[in-house]
Chemist: 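My questions will all concern the structure given below.
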Amino acid sequence: MNADDKIFNAAKEVYDFETIEINDIPNIDLYMDQVTTFIDTKLSCYKRNFDDKVLTKTMINNYAKGKLFPPPQKKKYTRSHIMLLIIIYHLKSILSINDIYLLLSPINTELSENSNSKMLENVYKNFLKMQKSVQSATLNSAVDFEEIKKIFEVGDHDIDKIENILYVLTLSFFANTEKRLAEKIIDNSFKNK
């Protein structure tokens, strides 16, 4: 298998992720252990290593302290908490806790006034649609490695290794650029001027 095939197979694996539909989320309140088990099971495809945890009790407690979601009632987490935890999971490696707080503030304000947030449900449903749209997009449309490869001038060195380094640098550049765009939107739309 050549380097291009390996990258294509890695990309296929990354794009083969599971979404958690609203109907998949238990309609009863859960204790912390049940929440971590549920999310860890449902989002296991995002683990880099088998032993990794998607969310830990410490993470959830820190998110609660950071007011990223309303406090649990009698140590139980609602469906809304679980939707927010799933959203937070997808944001946490890209955005700071403060940026996540700012982004989710409108939802949390609505949740504090009414335990059934239509805004959260709307955001979550559309988030699922977006995930499925990304998933169904062709792998090459995300980053056209064949086009990028034409720019590389790797010389006589270990071509596979250098191309892989350059692919990782390219993907990291795209991820960083998109992160900066997300931060700019938060700065322009959610921070008090």
Side-chain angles (χ1 to χ4, degrees), residues 14-48 52-73 75-137 142 174-192:
V14 167
Y15 282 97
D16 186 24
F17 53 81
E18 187 175 343
T19 58
I20 302 177
E21 302 295 326
I22 290 179
N23 291 337
D24 294 339
I25 299 172
N27 209 11
I28 57 170
D29 296 348
L30 302 176
Y31 288 105
M32 174 80 79
D33 285 339
Q34 294 169 312
V35 170
T36 56
T37 300
F38 174 78
I39 291 178
D40 201 57
T41 302
K42 290 292 189 178
L43 296 181
S44 63
C45 61
Y46 291 100
K47 292 180 185 182
R48 186 171 183 179
D52 291 347
K53 295 290 181 199
V54 174
L55 284 177
T56 65
K57 293 176 186 180
T58 303
M59 289 177 190
I60 294 172
N61 286 329
N62 287 338
Y63 301 153
K65 286 177 192 170
K67 300 185 190 270
L68 300 185
F69 54 80
Q73 299 299 313
K75 297 186 179 186
K76 287 189 172 184
Y77 295 81
T78 65
R79 214 171 198 200
S80 294
H81 286 111
I82 294 172
M83 282 188 266
L84 283 167
L85 284 168
I86 293 165
I87 291 170
I88 292 166
Y89 171 77
H90 288 286
L91 296 172
K92 73 183 177 93
S93 63
I94 305 298
L95 298 174
S96 69
I97 293 294
N98 190 54
D99 282 345
I100 296 171
Y101 169 80
L102 290 170
L103 185 68
L104 298 180
S105 288
I107 293 170
N108 286 319
T109 299
E110 186 178 292
L111 278 172
S112 68
E113 296 165 3
N114 177 3
S115 63
N116 220 357
S117 172
K118 295 296 178 193
M119 184 188 301
L120 173 57
E121 204 166 296
N122 188 341
V123 166
Y124 192 80
K125 283 179 182 177
N126 283 291
F127 175 62
L128 291 175
K129 285 181 185 177
M130 181 274 309
Q131 283 182 308
K132 290 173 186 168
S133 172
V134 166
Q135 192 174 35
S136 67
F174 281 119
N176 189 42
T177 302
E178 290 173 2
K179 174 186 182 240
R180 288 177 44 235
L181 177 57
E183 291 169 341
K184 183 65 74 180
I185 293 168
I186 290 169
D187 291 346
N188 292 339
S189 301
F190 295 95
K191 279 189 175 178
N192 293 332

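Please read these numbers as outputs of a predicted model, since none were measured by experiment.
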Chemist: E21: which residues meet the side-chain hydrogen bond (donor to acceptor under 3.5 Å, both in side chains) condition with it, sequence neighbours left out?
Modeler: T19, K132

Chemist: Set out, in order, the CA-CA distance, both residues' side-chain angles and the distance that settles side chain to side chain contact (heavy atoms under 4.5 Å, CB included) for Y124 and E121, then state yes or no.
Modeler: CA-CA 5 Å; Y124 192 80; E121 204 166 296; 5.8 Å; no

Chemist: Taking the inter-plane angle between the rings of Y77 and H81 on a 0 to 90° scale, is it parallel (under 30°), tilted (30 to 60°) or perpendicular (over 60°)?
Modeler: perpendicular

Chemist: Look up atom CD1 in I86 and atom CG in L128, then write down how far apart they are to the nearest 0.5 Å.
Modeler: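 Interatomic distance, I86 CD1 to L128 CG, rounded to 0.5 Å: 8.0 Å.
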
Chemist: Within a radius of less than 6.0 Å around NZ of K47, do more than 12 heavy atoms belonging to other residues, nucleotides or ligands occur?
Modeler: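 Yes, because the 6.0 Å sphere around NZ of K47 holds more than 12 heavy atoms from other groups.
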
Chemist: Crowded around F190 CZ? As in, over 12 foreign heavy atoms under 6.0 Å?
Modeler: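 Enclosed: over 12 neighbouring heavy atoms sit under 6.0 Å from CZ of F190.
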
Chemist: Would you compute the distance between atom CD1 of I87 and atom CG of L120 and round it to the nearest 0.5 angstrom?
Modeler: 5.5 Å

Chemist: Is it true that a side-chain atom of D24 and a backbone atom of I20 form a donor plus acceptor pair closer than 3.5 Å?
Modeler: no

Chemist: Please round to the nearest 0.5 Å and tell me the distance separating atom CG of L55 and atom CE of M32.
Modeler: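 CE of M32 is found 10.0 Å from CG of L55.
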
Chemist: What heavy-atom pair brings K92 and M59 nearest, and what distance separates the two atoms?
Modeler: NZ-CE, 4.0 Å

Chemist: Of L102, I100, N98, which is the lone residue that meets side chain to side chain contact (heavy atoms under 4.5 Å, CB included) with I186?
Modeler: L102

Chemist: Measure the CE-CD1 distance between M83 and I107 for me, rounded to the nearest 0.5 Å.
Modeler: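 The distance works out to 9.5 Å.
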
